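Working notes, structure below.
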Amino acid sequence: MKISEADRSGVRLFPPLVFAVAMGMAFLIQRRFPLPVAGAEYAPTLRMVGVVFILDAIALAIWAIATFRRIGTTPNPAGGSTALALGGPYRISRNPMYLGLCVLQVGIGLAANVLWPLILLPLFVLLMRQAVIVPEERYLEAKFGEPYRAYKARVQRWI
């Protein structure tokens, strides 16, 4: 189904790019102001825990994208939506891909034993909420009406 230019969410930022900028900032700050999560003796354990978080984030993203593909709509938040994703990970989170980016940010911080990604996480969440989630939800509510409002009432934004 072809989406018209008028049928767009109005989201201007690409979430993976926002994530990449946040992570880039975290590691640039780390170079100037090194701040580990824990002492070096805990680095191997942190690395293992971080890898688990990273793998979970990847699995969540794959599941969410597969759910979008299955219902025939785009995972791109700037694109027009042709259907509501109500199954898969969307049963427990309205934003599983954004949640996955948060989990990925934590995982990378832990695996690298760098605290800055965790410190910057609230800023990433705030930026995502204001620049991506709010316009996207406004669009979905205008497009799908009561079914989307019922979904919002039933499923949390994050978890």
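Source: prediction; values computed, not measured.
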Let me confirm one number: the [atom1]-[atom2] distance from [X] to [Y], rounded to the nearest 0.5 Å.
X	Y	atom1	atom2	value
Gln156	Asn95	CD	CG	11.0 Å
Ile133	Arg94	CD1	CZ	8.5 Å
Gln30	Met25	CD	CE	13.5 Å
Tyr151	Leu84	OH	CG	8.0 Å
Gln105	Met23	CD	CE	5.5 Å
Leu99	Trp158	CG	CH2	7.0 Å

Common cluster, [X]/[Y], ILVMFWY with side-chain heavy-atom separation under 4.5 Å:
X	Y	answer
Ile58	Val103	yes
Met48	Val37	no
Val52	Leu110	no
Ile62	Ile54	yes
Val134	Leu17	no

Kindly assign one of parallel, tilted or perpendicular to the pair Phe124 and Phe19, based on the angle between their ring planes and the thresholds 30° and 60°. perpendicular
Can you find a heavy atom in the side chain of [X] that is under 4.5 Å from one in the side chain of [Y]?
X	Y	result
Leu28	Trp116	no
Glu137	Lys152	yes
Tyr90	Ile71	no
Leu35	Ile119	yes
Arg91	Arg154	no
Met128	Pro15	yes
Lys143	Tyr148	no

How close do [X] and [Y] get, heavy atom to heavy atom, and via which atoms?
X	Y	answer
Val11	Pro135	CG2-CB, 4.2 Å
Ala85	Phe68	CB-CE1, 3.3 Å
Pro89	Leu60	CB-CD1, 3.8 Å
Pro75	Ile65	CB-CG1, 4.3 Å
Val18	Leu13	CG2-CB, 3.8 Å
Leu118	Val114	CD1-O, 4.0 Å

Among Ile29, Val125, Leu115, find the one that has a side chain to side chain contact (heavy atoms under 4.5 Å, CB included) with Leu120. Ile29
Is it the case that the side chain of Thr73 and the backbone of Ser81 share a donor-acceptor pair, with hydrogens and angles ignored and the cut-off at 3.5 Å? no
Between the main-chain N or O of Ala38 and the side-chain N or O of Asn113, is there a donor-acceptor pair closer than 3.5 Å? yes
What do you reckon, is CZ of Phe27 surrounded by more than 12 foreign heavy atoms closer than 6.0 Å? yes
For residues Tyr98 and Glu136, is any side-chain donor paired with an opposing acceptor at under 3.5 Å? yes
